[in-house]
Structures are given as structure tokens and as C-alpha cells.
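Each remark here refers to the structure printed beneath this line.
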Number of protein chains: 2
Amino acid sequence: MEQPFTSVWTREPRPAKSPGLGRDQIVRTAMALLDAEGVDALSMRRLGARLGSGATSIYWHVASKDELLELVMDEVFGEVSLPDPGAAGWRGTALAVAYGLRNALFAHPWAASLIGTRPAIGPNAVRLAARMLDAFERAGFREAQLDYASAALLSFVLGATAPEVAWQTALRRSEATEEEVLRATREMVAQVARDHPGLVARHKAYDAKDIGAERALSFDFGLSCLLDGLEARLAAPDGAPRQTGTSSPAGQARSDMM
Amino acid sequence: MEQPFTSVWTREPRPAKSPGLGRDQIVRTAMALLDAEGVDALSMRRLGARLGSGATSIYWHVASKDELLELVMDEVFGEVSLPDPGAAGWRGTALAVAYGLRNALFAHPWAASLIGTRPAIGPNAVRLAARMLDAFERAGFREAQLDYASAALLSFVLGATAPEVAWQTALRRSEATEEEVLRATREMVAQVARDHPGLVARHKAYDAKDIGAERALSFDFGLSCLLDGLEARLAAPDGAPRQTGTSSPAGQARSDMM
DNA sequence: GATGTTTGTCGTACAGTGTGCGAGTGGAAT
DNA sequence: ATTCCACTCGCACACTGTACGACAAACATC
């Protein structure tokens with residue numbers, strides 16, 4: 001669309017000395033609307049109505065809806081509270097970021113569907129990344145590994161949380177009881193996986209348990225596994241302590257795209 | 001919307017004995033359109049035009065656009081080729097799934113923006129999960145850890161790949177040269193992170209390197225870290241070998257939502 | 001004070017979107 | 001011959017993002 005690859009963050013915001021509409025008020029109202037009614041309910045006209053102004057007035061302060069979404073996205077990143085990297089230690093900071101981000105995404109489910117969509121380079125996202133890099137550097141990570149390690153953590157958190165949130169909101173939107181959902185899901189799995197007998201048995205085992213708690217445990221498990229793996233790299237700085245890992249398997253090209 | 005929580009996969013597809021339009025032809029054509037022109041270009045009218053039929057004819061075979069997207073999503077999962085879990089071994093299977101999924105997402109960039117959006121429970125996604133569980137069970141994972149471990153792997157792969165794809169397509173859409181983008185990005189970072197002096201220096205170091213290759217290395221690093229961490233759990237079955245990890249930090253509630 | 005200029009608001013309009021509805025088609029079964 | 005059924009499709013509705021240009025109010029300059 002735009003040729004020199006611009007983003008909200010490069011362009012100056014409107015002077016903002018104004019008495020009426022302002023960029024931050026727009027963003028706040030948009031977040032409220034998103035939180036209250038979900039991502040589908042956010043239209044410029046509805047937002048304008050909530051602001052008590054015309055729909056197209058918004059375009060004076062914000063270039064496009066996409067840009068507005070970038071702004072609210074960064075607001076979500078701003079909501080994770082960061083500990084002092086010196087006091088919390090490496091693992092503490094990592095855990096805080098992980099759970100903070102996870103909780104922020106649960107608090108704003110619409111953000112989960114946007115997170116893979118556009119690059120997160122707003123000031124709050126950058127500050128979060130900087131904090132994490134700081135903590136990881138204190139821990140002893142150097143050079144490229146520093147970036148790799150923090151990227152890995154963020155990747156896991158996002159990849160684990162986004163589908164969870166998707167599930168949760170999908171359930172919430174259909175007003176079925178959790179009972180019904182469980183039954184329907186089991187039927188689905190049974191129907192679709194009848195030639196994978198292990199699956200249906202295992203899925204049956206879930207019936208008794210609380211799904212939310214189970215998912216939290218799963219998150220904990222994956223997170224501490226990843227952190228353990230990272231910690232192991234601190235001992236052997238430039239190699240994979242358990243070998244393999246850097247050789248691509250069975251005819252799969254690694255970095256064939258781009 | 002629908003009260004008993006239905007999904008495409010529960011409902012029988014239309015008998016499909018038809019000569020004309022059919023569910024699979026629709027899905028194939030939709031994929032072609034998506035691959036060629038991206039996710040914004042997929043509208044029912046355009047799809048109908050490509051099929052040589054009216055736009056609303058599609059609704060006989062497919063309940064809604066959402067359902068259609070679920071179908072094409074599963075087709076993507078079907079594209080990752082799975083090795084024989086017996087022959088490839090645990091780590092081999094894990095690597096194959098990871099790179100296979102990653103490559104599939106790069107081959108169909110539109111899928112990356114859909115992946116966090118709706119639960120993946122189509123037959124191909126289920127088969128992939130079953131294969132992975134099989135391999136992980138052979139490796140020695142049991143009970144809940146079996147699920148946790150495979151979920152962790154998928155989480156990392158998705159969370160690492162989706163933003164990468166998002167970046168790549170964002171760049172592709174703006175017809176800027178990679179040079180321009182680099183310069184603009186650096187300016188962005190510099191502007192936004194001027195109180196994080198470490199960041200801008202580190203970002204400068206990237207200028208010489210190939211971004212794609214760098215990202216592939218990052219993926220490799222995170223993946224092998226996670227696998228190492230998982231492998232460590234095989235030795236100490238029911239505890240975290242490096243302690244911590246299951247206690248939530250500094251006043252952050254763990255599973256407070258849902 | 002008069003005159004331009006910037007800053008900001010908004011109504012209208014355009015080209016699209018997903019999809020409900022009901023009318024129409026052809027072939028098969030009665 | 002008639003009834004039924006699997007399909008196809010045109011129309012219409014409500015709604016979307018946003019380009020454009022007409023306004024108004026605040027401010028600068030003469």
C-alpha cells in the first residue's frame with residue numbers, strides 16, 4: 001500500500017494539544033469497545049459513536065484502522081508489569097514476562113487474534129524486549145544467543161497462549177455449557193480419530209479434570225522445559241549440549257523461504 | 001451463533017456425489033486463490049467467479065466463510081509430511097513435525113494469520129497430533145506429560161513461525177527493497193528505543209547478515225533448547241530437574257482466567 | 001479589524017463484504 | 001405425468017473502510 005514501508009511508530013502523532021478528540025482517547029475507547037464486545041464489534045462507525053463524534057473524524061488522528069489496531073496492540077504489551085531485572089534474576093524475569101504476557105492476552109482476548117498478524121514494534125513491545133534482553137545478558141547470554149533465547153521465550157508464550165484464548169472465546173461465543181462442549185468435542189475427536197485409538201482413550205481421561213487448570217499446567221511444563229534447555233546453553237556457550245538440533249531432518253529444507 | 005457448539009468436522013459434508021461443485025473443489029480453489037492473492041483477496045464473490053459459479057452457490061456445500069477457512073486450514077496441516085515414528089525416533093519425529101509445519105506456514109502465509117484464530121481439530125491436524133503423541137510415547141513420556149510435551153513443541157513452532165511470516169508478508173506487500181526496509185526499521189528502533197541504548201547497537205549488528213538465515217538459526221536454537229529441556233524430563237519423570245518453574249512469580253496469578 | 005492559513009470535524013458516497021431468502025433448474029423416483 | 005429433491009443463483013440487506021470535499025473555529029500576519 002504505502003511505498004516507503006511506514007508504520008505508526010515512525011510517523012509523528014498529531015500534536016495532541018487538542019481539547020476534543022485525541023489519539024490516546026481514541027485508543028482507550030477502542031480498547032474498551034474491544035474488551036466489551038470483541039474484535040468483530042470494532043468498526044470505525046461504532047467507535048465514532050462511542051466517542052460522540054463522527055466516524056471519519058477518527059481519520060484525522062489515525063491513518064487507518066490497521067494503524068489503530070497497532071496502537072491498541074502495543075497497549076496490551078504495556079499492560080504486562082515488568083520486575084526489576086536485577087532483583088528478580090534471570091529466571092524470575094523470564095517467568096514474569098511469560099505469565100504477564102499470558103495474563104494480558106487472557107484479559108484482552110481480541111489481542112490473541114491480532115498478535116501473529118502484524119509485527120510488534122511499538123514502544124511498549126520494545127521496552128518489554130529490552131528488559132528481557134537485559135535480564136538474559138546478566139544471566140550470561142552473549143551475542144546472537146541473546147536474541148535467540150529471548151525470541152524463543154516469546155515464541156513459546158505466544159504460541160501456547162493464542163490458541164488457548166481462541167478456544168476460550170470460541171466457547172464463550174456459543175452459549176453452550178461446558179458439559180455440552182465437552183461432549184461435542186469428544187464426539188468430534190472420536191469421529192475424526194477413530195483410526196488413532198490412543199487419542200480417544202486419552203481424551204476420555206480429561207473429562208474429570210478442569211480444563212483451565214490443565215492448560216495452565218501444560219503451560220508451566222513447556223515453559224520450564226524451555227527455560228531448562230536455555231539454562232543448559234549457558235554452560236556450553238557455542239554448541240548444542242545434547243547434539244543434533246541444527247541438522248534438518250529427512251529432506252526438509254530449513255531456510256528455503258526468503 | 002450456533003447453540004450446540006457445532007463445527008465443520010461434526011457435521012456430515014454434503015453427499016458429494018455431485019458432478020458440478022463439490023466441497024473439495026471449493027476448498028482447492030479457495031487455497032489457490034489464497035496462495036495467489038492473500039487472505040484479503042478471498043471473498044465469496046471472487047471465489048464464486050473462480051469456480052465459474054454464483055457466489056451464493058458455495059453456501060450449499062459450506063455453511064459459512066468461517067467454516068471454509070477451517071477446511072483450508074486443515075488442508076495446510078495435511079501438507080506436512082510425517083515420517084514413520086518408529087524409524088525416525090523421537091527427536092527425529094519432533095524435528096520433522098517442527099520443520100514441516102514451519103515450511104507449510106511459509107508456503108501458505110495466509111494460514112499464519114488464521115492459526116491462532118480458531119481451534120485446529122480437523123482430521124489432518126488430529127493425525128499430526130496423533131503421530132507426535134505416538135513418537136513421544138515411544139520416547140518414554142507418560143500420562144499428562146505426554147500431552148504437555150507435544151503441546152509445548154507445537155506452541156513453540158507456531159509462536160515462532162507466525163510472526164516471522166507476518167513480517168515477511170508485510171514486507172512483500174510494500175514493494176520496498178530490503179535495503180529501504182532495513183533503513184526504515186533501524187530508524188524506527190532508534191526512535192523508539194533511544195532510552196534502551198543496548199538495543200540500537202545490537203540491531204546495527206544485524207545489518208550485515210541475511211535476515212532469513214538469521215531467523216532460521218533462531219528457530220533452530222529455540223527448538224533444540226526446548227527439545228533438550230523435554231529430554232531432561234525423561235530422566236526425572238515427575239519433577240522439574242532444575243527446580244523452580246512451577247511456582248508463579250511476584251504476585252502474578254497463574255490460572256486466574258477461566 | 002481584515003485576511004489568509006492551519007487544525008480539526010463530519011456528511012456523503014463508493015466500492016466492496018457476508019449471507020438470508022426465495023425463485024428457478026434439471027434429473028430421478030413414484 | 002407429477003412430485004420430489006439436490007442444487008444454482010439473483011436480489012437485497014445491513015454493514016464495512018475510507019477518499020473527498022465542504023465546513024467551522026482558532027490562530028497568524030498585515
Side-chain angles (χ1 to χ4, degrees), chain A residues 1-3 6 8 11-27 29-30 33-34 37-73 110 113-114 117-118 173, chain B residues 1-3 6 8 11-27 29-30 33-34 37-73 110 113-114 117-118 170 173-174:
Chain A
M1 302 300 182
E2 57 296 59
Q3 58 263 44
T6 74
V8 212
R11 202 173 28 266
E12 211 67 13
R14 292 297 183 179
K17 60 191 170 188
S18 79
L21 227 43
R23 185 176 261 201
D24 40 356
Q25 190 192 345
I26 291 177
V27 171
T29 315
L33 184 55
L34 283 166
E37 309 194 42
V39 70
D40 294 331
L42 180 69
S43 78
M44 299 308 260
R45 280 177 249 261
R46 283 175 66 110
L47 180 56
R50 276 222 177 189
L51 286 163
S53 68
T56 57
S57 306
I58 302 168
Y59 283 91
W60 180 256
H61 307 273
V62 151
S64 69
K65 191 183 181 183
D66 251 36
E67 202 175 280
L68 175 59
L69 289 178
E70 273 187 71
L71 290 169
V72 291
M73 247 332 262
W110 46 269
S113 57
L114 267 46
T117 281
R118 65 209 77 236
R173 206 170 34 190
Chain B
M1 302 300 180
E2 57 296 60
Q3 59 265 42
T6 73
V8 212
R11 203 171 31 264
E12 211 67 15
R14 293 296 186 178
K17 59 191 170 187
S18 76
L21 229 45
R23 185 177 262 199
D24 39 356
Q25 191 193 345
I26 291 176
V27 171
T29 314
L33 184 56
L34 284 166
E37 309 194 40
V39 69
D40 294 330
L42 180 69
S43 80
M44 298 310 257
R45 280 177 250 260
R46 283 175 64 107
L47 179 56
R50 274 222 178 190
L51 287 163
S53 67
T56 56
S57 306
I58 302 168
Y59 284 90
W60 180 257
H61 307 274
V62 152
S64 69
K65 191 184 182 183
D66 251 36
E67 201 176 281
L68 175 58
L69 289 177
E70 273 187 71
L71 290 169
V72 292
M73 245 336 259
W110 47 268
S113 58
L114 267 45
T117 281
R118 65 210 76 237
R173 207 171 31 191
S174 87

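Order of the sequence lines fixes the chain letters, A, B, ..., with proteins taken first and strands second; residue numbering starts at 1 for each chain.
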Self-check item: Candidate pair B/V72 and B/W110, rule side-chain contact (heavy atoms from CB on, under 4.5 Å), full reasoning
Solution: CA-CA 10 Å; B/V72 292; B/W110 47 268; 4.0 Å; yes
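Partners of B/S57 according to the side-chain contact (heavy atoms from CB on, under 4.5 Å) rule, which considers only residues two or more places apart in sequence or in another chain, are B/L21, B/S53. Listed by chain and number, the residues in a side-chain contact (heavy atoms from CB on, under 4.5 Å) with B/A41 are B/E37, B/R46 (sequence neighbours excluded). Residues passing the side chain to side chain donor-acceptor pair (under 3.5 Å) test with B/D66, sequence neighbours excluded: B/R118. In this structure, A/E70 has no salt bridge (Lys or Arg N to Asp or Glu O under 4.0 Å) partners at least two apart in sequence or on a different chain. Not a single side chain to side chain donor-acceptor pair (under 3.5 Å) links B/R45 to another residue, sequence neighbours left out. With sequence neighbours excluded, the residues that form a side-chain contact (heavy atoms from CB on, under 4.5 Å) with A/A63 are A/R11, A/E67.
Residue A/H61 places none of its side-chain N or O atoms closer than 4.0 Å to OP1 or OP2 of C/dT7.
One atom, CZ of B/R23, and another, C1' of D/dA6, lie 16 Å apart when rounded to the nearest Å. For A/W60 and D/dA25, the CH2 to P distance is 17 Å, given to the nearest whole Å. Atom CG in A/L47 sits about 10 Å away from atom P in D/dG17, given to the nearest Å.
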Quiz item: What is the per-nucleotide protein-contact pattern of nucleotides 14-29 of chain C, from the 5' end, where B denotes a base atom under 4.0 Å from a protein heavy atom, S denotes such proximity for sugar-phosphate atoms only, and - denotes neither?
Solution: ---BBBB---------
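Across B/L114, B/V39, B/D40, a single residue satisfies side-chain contact (heavy atoms from CB on, under 4.5 Å) together with B/L34, and that is B/V39.
Candidate nucleotides D/dC7, C/dC10, D/dC9 were compared by shortest atom distance to the side chain of B/S53, and D/dC9 ranks first.
End-to-end axis angle of the helix from C/dG4-D/dC27 to C/dA29-D/dT2, from C1' rotation axes over five pairs per end: 30° (rounded to 10 degrees).
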